[in-house]
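Worksheet for the structure shown next.
Below, chain A is the first sequence line, B the second, and so on; all start at residue 1.
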There are 2 protein chains.
Amino acid sequence: MAKLAGVSMATVSRALSSPSLVREDTLQRVRQAIDALGYVPDASARTLASGRSRTVAAVVPTLDNAIFSHAIQGMQQVLAAGGYQLLLGSHNYDPDTETDVVRALSERAVDAMVLVGADHAPDTLALLRQSGTRTILTWSLSSQYPCIGFDNFEIGAQAARHLYDLGHRRLGMISGIGAHNDRARLRTEGFLGTLRALRAPLAPGAVCEQPYTFAGGRAGLRAVLAQAPATPTAIFCGNDVLALGCLFEATAMGLDVPRQLSIVGCDDLPISAEVTPALTTIALESSELGRQTALALLRWLQDGIEPGRMEMPVALVQRGTTAPPGEPG
Amino acid sequence: MAKLAGVSMATVSRALSSPSLVREDTLQRVRQAIDALGYVPDASARTLASGRSRTVAAVVPTLDNAIFSHAIQGMQQVLAAGGYQLLLGSHNYDPDTETDVVRALSERAVDAMVLVGADHAPDTLALLRQSGTRTILTWSLSSQYPCIGFDNFEIGAQAARHLYDLGHRRLGMISGIGAHNDRARLRTEGFLGTLRALRAPLAPGAVCEQPYTFAGGRAGLRAVLAQAPATPTAIFCGNDVLALGCLFEATAMGLDVPRQLSIVGCDDLPISAEVTPALTTIALESSELGRQTALALLRWLQDGIEPGRMEMPVALVQRGTTAPPGEPG
DNA sequence: CTGAAAGCGCTAACAA
DNA sequence: TTGTTAGCGCTTTCAG
C-alpha cells in the first residue's frame with residue numbers, strides 16, 4: 001500500500017479526493033509515495049464505495065452521421081477536462097435496440113445518461129427512472145426532461161419562409177423517416193404547416209420519407225419528381241446528407257441547381273460549404289451542442305444544479321443552392 | 001435482496017454469470033424474483049470482485065474524421081453484441097494528450113485498450129504495460145504489439161504505381177502532418193520511394209504537409225503549384241479529406257480534373273464516390289477494421305487467445321479524378 | 001488534521 | 001447443486 005511510504009489509507013484517499021482537508025506536508029509525502037510506487041487508484045472500488053462513477057453514457061442513433069460524431073467529440077472533450085469518462089452506445093434508429101443499450105449502460109452505474117431526441121420507448125424511460133439515472137435529452141426540446149436542443153419545428157418553418165420569400169410556390173420535401181424520430185417529424189410539420197399558412201401548401205406526393213443517406217436523397221428526388229403533379233421548383237431536405245444526395249442526383253440528371261431547382265438542407269456539415277454549388281442549409285452547431293451538454297452535466301453532477309430546458313440557436317445560411325425560381329442564381 | 005424471493009445470493013450470482021451451474025427450476029425462481037423486484041446488478045461491485053469490467057477503451061485522434069467514427073461505430077456494435085461496453089477517448093493528434101487520456105482510462109480498470117497507429121509516447125506505452133492492460137494497435141502494423149491495420153507504405157506505393165502507369169511523370173503530394181503519425185509518414189515514404197525506384201522522383205517542393213482538413217487540401221494544392229519547379233500533372237493526397245479539399249480548390253481555380261490534374265486520395269469516404277468527378281482513392285474499410293478489432297478483443301478477453309498481427313486489405317478504386325496526363329478522361 | 005473501522009454489492013473458493 | 005465465508009480496494013463516518 002502507498003501508505004507504507006507515509007501514513008494511513010484514509011489520508012491517501014483524502015489526498016486524492018479532497019486535498020484541501022490534508023496538511024500541505026503530508027500531501028507532499030503522499031504524492032511522492034504515489035508516483036514512487038506508480039500507484040493507480042481503482043475506479044471500481046472507488047465507485048462502489050462512493051456511489052459515483054465519474055462516467056456518463058451517451059446513446060446516439062449512429063456515429064456514421066457526422067452530426068452525431070461531432071457532438072460526441074465535443075462532449076467527450078469537455079467531459080474529459082472535467083475528469084469524466086464517456087461510455088458510448090448506438091441504436092441505429094431502433095427503439096428496442098435503444099432500450100437494450102440503455103439497460104446495459106445503466107447497469108454500469110453511470111452518473112448520467114444523454115439521449116438524442118424526445119422519442120423513446122416507455123421501457124427506456126422507465127429503466128432510467130427506476131435506476132435513478134440522471135438523464136438529459138439532446139437535439140430536441142422537452143417540457144418533461146432536462147434538455148438541450150433545437151427547435152425542430154422552427155427549422156422547417158425557416159426553410160419554408162426562405163423558399164417562399166424567394167418566390168417559390170411549388171415545393172417538395174424529402175424527409176427523414178418519421179417513426180421514432182421527433183426531429184424528423186417536427187421539421188416536416190414546421191415546413192408543411194408554414195407553407196399551408198402562407199397559402200402555398202404542398203401537393204400530395206410532394207413529400208417523401210427516406211433514410212438519412214446519400215442514396216436516400218437521390219431516391220427522394222426521383223420520387224418527388226415522379227409523384228408530384230407539377231414539378232416543384234424547390235425542395236427542403238430533412239438534413240444535409242439527404243440534401244447532398246438530392247443535389248448530386250439533380251446534377252446527374254442534368255438539372256441546373258439552383259436555376260431549375262432550389263435545395264435547402266439542415267445541419268451545415270463541413271462538406272456542405274465545399275460542394276458546388278454550396279448548399280443552402282440551416283446550421284446546427286452540433287459540436288457546440290455536445291460541449292454545452294457536457295457542461296450542463298458537469299454542473300449537475302458536481303454542483304447539483306439540475307439543467308432546465310436550453311434552446312440552441314438555428315440559422316439559415318444561404319449559399320448557392322437556392323435562388324428565385326427560373327431565375328439566374 | 002433478490003434472494004428473499006427465493007434462495008441465497010451466491011446462487012443469484014451464478015444464475016446471472018453461469019446459468020449452466022444452476023438447476024432449471026431455481027433458475028426460474030431467481031429470474032422471476034429478478035424482474036419482480038426490478039433488480040439490476042451493480043457493475044462496479046462486480047468488477048471489484050471479479051477483476052473484469054467488461055469494458056474496453058478506444059482512443060482515437062478525433063471523431064471529426066469520418067474514418068475514425070466509422071471504425072468506432074463498427075467496434076461499438078460488435079462489442080455491445082458481446083456484452084462489452086466502449087469507453088471513448090480522443091487526443092487530437094497530440095501525444096501528450098494521448099498519454100493523459102490513456103492514464104485516465106487505465107484507472108477505469110478497462111479490460112483492454114485500443115489505440116490508433118504505432119506512434120505513441122513512451123509514457124503511454126509504459127502506463128499500459130505496468131497496469132497490465134491488454135492493448136491492441138489499429139490502423140498500423142506493428143511487430144511488437146497485437147495489431148490490426150493497413151500497410152500504409154503499400155498505400156503510397158499503389159498510388160505511385162497507378163499514377164505512373166497512367167503515364168504521369170511530374171508528381172506532387174499533399175501529406176498529413178508526419179510528426180507523431182506513422183500512417184502519414186509511411187504513406188509518404190511509400191509514394192516517394194516507389195517513384196524514386198521508377199525513376200520519376202518528386203521535385204523538391206512538390207510535397208507539402210497539411211492538417212487533415214478541406215482547408216489543408218486547398219492550401220496544399222496552392223503550395224505545391226507555387227513551389228514545384230514544373231507543374232505536376234498528378235497529386236497523391238494522404239487521405240480523402242485532403243484529396244477532396246484539393247479537388248475543390250482545383251475546381252475553383254478552373255483546373256480541369258482529371259485532364260489537367262489527376263488526384264488520388266486514401267480512405268474512400270462515402271462522399272468520395274458522390275462528388276463530381278468522383279474521387280480515385282485507396283479504399284480502407286474502416287468500419288470493418290472496427291468490427292475485426294472488436295472480434296479480436298472478444299476472443300482475447302473471453303477465450304484468452306491473444307491477437308497476432310492482422311493486415312487489412314487495401315485496394316485502389318479508380319474513378320473520375322485520374323486519367324493519363326493531358327488526355328481526355 | 002489524521003487514524004480506525006465499517007461497509008459498498010458482488011464473486012469465488014470452499015463446504016455441505 | 002447450493003449455501004457460507006471471505007474479501008476485492010476504496011470512501012466515509014466517527015473518534016482522537
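A donor and an acceptor atom, one from each side chain of A:Ser131 and A:Thr133, are located under 3.5 Å apart. Side chains of B:Glu24 and B:Gln28: a donor on one and an acceptor on the other come within 3.5 Å.
For A:Thr26, there are no side-chain hydrogen bond (donor to acceptor under 3.5 Å, both in side chains) partners at least two apart in sequence or on another chain.
With contacts defined as side-chain heavy-atom distances shorter than 4.5 Å, the pair A:Ile148/A:Met312 qualifies.
Residue pairs meeting the side chain to side chain donor-acceptor pair (under 3.5 Å) criterion with at least one partner in residues 99-109 of chain B, sequence neighbours excluded, are A:Thr55-B:Arg108, B:Thr99-B:Thr124.
The CD-P distance, from B:Glu107 to D:dG9, rounds to 15 Å in whole Å. One interatomic measurement links the two molecules: CG of A:Leu21 to P of C:dT2, which rounds to 10 Å at whole-angstrom precision. Following rounding to the nearest Å, B:Arg23 (CZ) and D:dG3 (C1') show an atom-to-atom distance of 13 Å.
In this structure, the nucleotide among C:dT2, D:dT2, C:dC8 sitting nearest to the side chain of A:Leu48 is C:dC8. Side-chain proximity of A:Asp42 to the nucleotides D:dG3, D:dG9, C:dT2 is greatest for D:dG9.
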Self-check item: Contact state string [nucleotides 11-16 of chain C, B base, S sugar-phosphate only, - no protein heavy atom under 4.0 Å]
Solution: BBB---
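Between A:Ser44 and D:dC10 there is no side-chain N or O to OP1 or OP2 distance below 4.0 Å.
In this structure, the side chain of B:Ser286 does not engage the main chain of B:His70 through any donor-acceptor pair within 3.5 Å.
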